[in-house]
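Beneath this line is the structure, given in structure tokens, with notes to follow.
Every chain is numbered from 1, with letters handed out A, B, ... down the list of sequences.
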Amino acid sequence: MDVLLQQIVNGLVVGSVYALVALGYTMVYGILQLINFAHGEVVMIGALSAVFSSKWMLAMGMGPILALLLATLLSMLICATVGVLIERLAYRPLRNAPRLAPLITAIAMSILLQQIGILVFGRNYFTFPELISKTPLTFGHVTTTPNEIMIFVVSVLLMGGLLWLVHNTKMGAAMRAVAENQKIAGLMGVDINKIIAITFAIGSALGAIAGVMVASNYGQAHYYMGFMLGLKAFTAAVMGGIGNLWGAMVGGLLLGLVENVGLIFVRGDYKDIFAFVVLVVVLIFRPQGLVGERVAERA
Amino acid sequence: MSALLEVRKLEVAYGGIKAIKGISFRVDEGEMVTLIGANGAGKSSTLRALSGLVMPVGGTVTYNGKDVTGVPSHALVGLGIALCPEGRGVFARLSVHENLLMGAYARKDKAQILREIDEIYGMIPRLKERTAQLAGTLSGGEQQMLAIGRAMLARPKLLMLDEPSMGLAPLMVEKIFEIINLIAKRGTTVLLIEQNAQLALENANRGYVLESGEITLSGDAKALLADPRVKAAYLGG
Ligand SMILES: Nc1ncnc2c1ncn2[C@@H]1O[C@H](COP(=O)(O)OP(=O)(O)O)[C@@H](O)[C@H]1O
Ligand SMILES: [Mg+2]
């Protein structure tokens with residue numbers, strides 16, 4: 001029982017990070033029906049940027065909380081720029097191309113960004129400084145850390161903020177309108193390219209925050225970290241129903257829970273396999289995902 | 001009367017096949033002009049070119065004295081051109097209210113926008129009753145009303161309607177045309193596309209007949225209604 005409770009707490013922390021990354025996949029898919037495979041690498045860039053900038057800030061004598069805040073903001077800015085550039089340079093020219101073309105391009109962008117990651121940061125594992133305490137806190141039989149609590153709380157706040165933005169602002173309505181019908185949205189005066197760029201920017205900035213969280217949670221970052229994380233988050237998005245914001249959140253949290261609770265029953269090395277088995281099972285019974293609605297395949 | 005919209009030798013092609021073969025027509029300020037024609041004549045293609053949805057391959061479009069040929073649709077809204085597209089095109093997953101707000105997307109005068117939405121609700125009480133409902137759950141007629149209301153929220157000088165009567169029951173068609181006439185009476189210039197020639201010519205000031213991408217007849221709407229060629233081809237003898 002105590003083990004279960006502990007694994008639930010661990011699962012929620014990891015799951016909230018999956019959810020943040022999954023939102024990036026699902027937002028882009030919702031608006032372009034494109035799986036942006038490079039998103040995991042955007043997260044990696046966010047994490048590595050924060051490693052270097054926060055270390056530099058600490059060396060300059062800045063306090064750890066301020067360093068974390070500024071490093072995260074800088075990562076968000078860098079990732080938003082990278083995301084917008086990927087869309088502008090790689091995906092936009094292919095907007096009317098057969099669907100296979102942008103898909104292959106997305107895979108190419110993922111590999112390209114990994115290589116850029118190596119060139120800019122190097123191949124090493126870089127330690128992420130302990131900016132928020134990781135001293136264990138024990139509540140009853142469950143142990144967590146201030147860092148983990150921070151990750152979970154910030155994730156939940158960000159998800160709430162995104163839902164609010166999408167459902168209660170003019171820009172959010174425009175995003176939903178473009179997702180539903182680009183041409184008609186254009187007739188309303190919506191600059192479609194601008195809305196798509198904003199979508200990439202928001203998704204990538206959320207990815208940057210997720211990258212900082214992962215780096216701080218595991219205390220390290222390196223150029224290949226985006227691959228498995230991206231794959232898991234994509235799995236979460238599909239499991240929840242890709243294109244659906246709630247789906248990404250539910251899928252992310254659920255995947256984190258399933259993985260960690262599963263650890264009670266299977267050995268740690270099987271953790272990743274377990275996640276994908278769950279995906280397959282979900283898709284067999286609900287092909288549209290847990291929250292997703294059944295939509296006709298677009299022509 | 002000055003021409004609000006002047007179309008000269010407009011050509012639209014899809015993959016090398018010309019759907020519109022160099023048509024010219026004009027719409028004067030305050031008029032209701034209709035473009036009638038059979039299915040596939042090129043009516044929607046004409047409107048698509050006028051609203052920036054397709055790039056014409058030839059000809060010019062002058063609006064309010066300015067050349068607007070090939071201007072993208074989001075930029076035309078600000079100039080005062082609104083299209084109520086074929087098949088209504090409401091955002092099914094947005095609420096009725098959000099759909100109306102999208103119509104006013106290019107505007108910034110929030111308070112005035114809300115007043116105008118209330119006016120539309122006054123004019124079309126069915127929409128008011130369904131303000132929070134997703135537009136996809138409305139009936140066809142209600143969706144058409146919503147699409148027209150949404151287009152009006154852009155405060156267009158020129159409202160273009162693509163077959164507003166399509167697929168609607170006669171009673172609903174009547175209601176829709178009441179709304180269109182009210183809009184025209186209040187001073188909005190209307191370019192109406194219809195397959196229902198009788199209905200269109202009864203309501204419009206002038207008309208053009210489009211056949212396989214070319215204008216074959218034009219003139220006063222009443223005269224066209226009485227024209228034996230129009231009668232034979234479009235009014236069932
Ligand atoms: N997107 C398209 N691609 C190819 N051909 C099209 C397209 N849209 C319309 N057409 C063709 O152009 C012609 C005119 O169509 P359209 O403008 O829709 O006619 P209408 O609105 O009068 O029924 C038709 O022959 C139609 O098949
Ligand atoms: Mg048509």
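- Between A/Gly186 and B/Val77 the shortest heavy-atom distance is O-CG2, 4.1 Å.
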Identify every side-chain donor-acceptor pair in residues 148-159 of chain B under 3.5 Å, counting partners at least two apart or on other chains, and give the distances.
unit_1	atom_1	unit_2	atom_2	d
B/Arg150	NH1	B/Gly89	O	3.1
B/Arg150	NH1	B/Asn99	OD1	3.3
B/Arg150	NH2	B/Gly89	O	2.9
B/Arg155	NE	B/Glu116	OE2	3.0
B/Arg155	NH2	B/Glu116	OE2	2.9

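- In terms of heavy atoms, B/Ala104 sits closest to A/Lys170 at O-NZ, 4.4 Å.
- Pairing each heavy atom of B/Phe91 with each of A/Ile184, the nearest pair is CZ-CG2, 3.7 Å.
- Here the side chain of B/Glu98 pairs no donor or acceptor atom with the backbone of A/Ala173 at under 3.5 angstrom.
- For B/Arg107, the CZ atom sits in a packed shell: over 12 heavy atoms of surrounding residues, nucleotides or ligands are nearer than 6.0 Å.
- Counting only residues at least two apart or on different chains, the salt bridge (Lys or Arg N to Asp or Glu O under 4.0 Å) pairs with a member in residues 39-49 of chain B are B/Lys43-B/Glu163, B/Arg48-B/Glu86.
- A/Leu187 contributes atom CG, which lies 9.0 Å from atom CG of B/Leu76 (distance to the nearest 0.5 angstrom).
- If you measure heavy-atom distances from B/Leu101 to chain A, you find no contacts under 4.5 Å at all.
- When all heavy atoms of B/Val90 and A/Glu180 are compared, the pair lying nearest together is O-OE2, 3.9 Å.
- Residue-level contacts of residues 74-98 of chain A with chain B do not occur; threshold 4.5 Å between heavy atoms.
- Per-residue heavy-atom pair counts under 4.5 Å with chain A were compared for B/Pro72, B/Ala106, B/Gly78, B/Ala92, and the maximum is reached by B/Ala92.
- To the nearest 0.5 angstrom, B/Ser95 atom OG is 11.5 Å from A/His167 atom NE2.
- The neighbour count for A/Leu157 CG, taken as heavy atoms of other residues, nucleotides or ligands under 6.0 Å away, is above 12.
- When side chains are defined from C-beta on, A/Val190 does not count as touching B/His74, because their heavy atoms never get closer than 4.5 Å.
- Contact record, A/Ala174 with B/Tyr105: CB-CE1, 3.6 Å, taken as the closest heavy-atom pair.
- The salt bridge (Lys or Arg N to Asp or Glu O under 4.0 Å) analysis of residues 231-242 of chain A, with sequence neighbours excluded, yields the pairs A/Lys232-A/Glu259, A/Lys232-A/Asp272.
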